[in-house]
Amino acid sequence: MGIRPIALIIAGLAAAGTAWAQDSDEMNIEGLEIVTETEAPEHLENLRTIYSGWRFRTDETQSLQLDDFENPAFVFIDQALDAFDEAGANGNACSTCHENGPEEFAGFTAAMPKVMDGKLTTTEDFLNGHRAETQGEEPWKWSSQDMQQMVALIGLQSRGMPVDVAIDGEAAPYWELGKEMYYTRYGQLELSCANCHEDNYGMMIRADHLSQGQTNGFPTYRLKQAKLISRHNRFRGCIRDTRAETFAEGSDEFRALELYVASRANGLSVETPAVRQ
Amino acid sequence: MKHASVLGLVVALGASHALADIVAPTEVVYENGAVATSLSGAPGDPDSGAEIMNKGAGNCIACHQVSALDHLAFHGEIGPPLDGVADRWSEAELRGIVANAKLTFDGSMMPSFYKTEGFVRLGNAYTGKAHADGEVAPLLSAQEIEDVVSFLLTLTED
């Protein structure tokens, strides 16, 4: 590892004059201030400052996130709002019980995933269990739009609040596993999350401007795919691109990785639903 | 059947150089990270090397800037620019770096292009699926490594 800093300096010099780091834009969504840069949480040994992925995007992509009327993710938020009022198999709609609307869920996403009843639980897990229990409904598929738009609607209620997931107590063993995965060099290209998102954020890798790979904006609307992307779908893609056998969406491994990655954003604002290239 | 096709291959290659001259990924001798002799037993083709820099499993410019390849879009910034690299490294050193950079740069992020074992969750190319049991092909073949090295040797500052 000793040579790394030298390579970084050389690469940095090569890129001087181009936009090679995060920009200095500030995010404010219709009066709501969003923290896109803050001191790294204590458990993060190798970073001093954490940045939202928004800071690495082009001005055009950034601007789409500053106005909910322009943010294409809100088409899906609206669909989730409709679904919130639709009766499930047993006649109950979400709104039957949650009479004050999704606003009741403010703060929920900022602390997810977390251990519930002895098991590390993501919002997707919670929703599938909760729908079965309260509506007699079948589970949604992890990355389906039905699922991700509801995950996004719930996430939106925490927008502007600091990410604050627990990493100690019952969460500790999951967090440790996630951390180990983050630093594992997978696949034939032998690349870890850290190689790209910790050691080289701000750099170009071919046509892509590397961010810190934060999840505080998820589910994100990806312009390229014109839909909401789940956290696990993004993880799957990043691991696949190392020419590795990836993990399944909804696997225990990805739950653990989700917790660890979320903890790297502790202190940044929830930005759901973010817009990405 | 299988026998026949293997023989066919040997005959086809026989005209220029025998298969036996190819050094298998597991047999490469590295001296301080450098590899003294051609992995394919044949000289490299710099034009083919330039192509490999840009595409497929090579894609070196994903991480490196190369002025001689200015006509190609999107050069990465992860590794140092390769301009003048032939002034900094010998042919043997460059061959070693391209074949397995980790033996020159400890813990390097640069992929090992001529290596077939020791991977964690090796996949079947970019499918996300597991690699089926059986022979693992290195990212670049012996001849492709030679082609890339011969291209790198054209990158002098003067």
Side-chain angles (χ1 to χ4, degrees), chain A residues 1-21 180-181 183-210 232-233 235-249 251 253, chain B residues 25 33 53-67 72-85 88 97 100-102 104-132 136-140:
Chain A
M1 272 335 244
I3 286 188
R4 265 259 47 90
I6 298 171
L8 270 177
I9 292 164
I10 297 173
L13 286 178
T18 64
W20 66 281
E180 192 185 310
M181 290 177 68
Y183 290 95
T184 298
R185 299 186 62 163
Y186 289 113
Q188 194 166 11
L189 299 185
E190 298 177 283
L191 295 172
S192 68
C193 314
N195 282 140
C196 284
H197 293 301
E198 184 170 277
D199 300 337
N200 285 292
Y201 71 86
M203 303 288 176
M204 296 300 292
I205 186 162
R206 200 77 211 228
D208 290 314
H209 193 199
L210 283 169
H232 289 196
N233 184 267
F235 296 167
R236 195 164 64 98
C238 279
I239 294 188
R240 182 196 56 215
D241 288 350
T242 67
R243 297 174 75 104
E245 176 190 6
T246 190
F247 299 90
E249 296 172 5
S251 61
E253 288 89 350
Chain B
M53 299 287 294
N54 173 43
K55 61 162 212 218
N59 200 9
C60 317
I61 64 171
C63 291
H64 293 284
Q65 199 250 320
V66 185
S67 298
L72 302 169
F74 304 121
H75 296 217
E77 305 166 339
I78 309 281
L82 296 182
D83 296 353
V85 81
R88 297 194 286 279
I97 291 173
N100 188 352
K102 293 172 186 74
T104 300
F105 310 107
D106 191 28
S108 181
M109 179 165 162
M110 180 160 152
S112 303
F113 288 93
Y114 202 59
K115 177 180 156 178
T116 50
E117 19 172 64
F119 303 113
V120 181
R121 293 179 75 87
L122 179 64
N124 174 10
Y126 291 106
T127 62
K129 302 206 167 66
H131 188 278
V136 177
L139 290 166
L140 296 178

| Say you draw a straight line from CD of B:Q65 to CE of A:M204; how long is it, rounded to the nearest 0.5 Å? | 12.5 Å

| note | Value for CD (B:E77) from CD1 (A:I205), rounded to nearest 0.5 Å, stands at 10.5 Å

If I compare all heavy atoms of [X] with all of [Y], which pair ends up nearest, and what's the gap?
X: A:R185; Y: B:K102; value: NH2-CE, 3.6 Å
X: A:R243; Y: B:A57; value: NH1-CB, 4.3 Å
X: A:R206; Y: B:N59; value: NH1-OD1, 2.8 Å
X: B:F119; Y: A:Q188; value: CE2-O, 3.6 Å
X: B:M109; Y: A:C196; value: CE-SG, 3.7 Å

| query | Do you know which of A:N195, A:D199, A:L210 makes side-chain contact (heavy atoms from CB on, under 4.5 Å) with B:I78? | reply | A:L210

| request: Taking the side chain as every heavy atom from C-beta outward, state whether A:L189 and B:L139 have any atom pair closer than 4.5 Å. | output: yes

| request: Report yes if some heavy atom in the side chain of A:M203 is under 4.5 Å from a heavy atom in the side chain of B:C63; otherwise report no. | output: no

| query | Quick one: of B:P111, B:A130, B:P138, who has the most non-hydrogen atom pairs under 4.5 Å with chain A? | reply | B:A130

| message | Only pairs of heavy atoms separated by less than 4.5 Å count here; which of B:G76, B:G118, B:A125 has the most with chain A? | response | B:A125

| Do you know which of A:D241, A:I239, A:D208 has the most heavy-atom pairs under 4.5 Å to chain B? | A:D241

| Flag if over 12 foreign heavy atoms under 6.0 Å of CZ, B:F74 | no

| request: Against chain A, label B:T116 side chain, backbone, both or neither, depending on which of its atoms sit under 4.5 Å from a heavy atom there. | output: neither

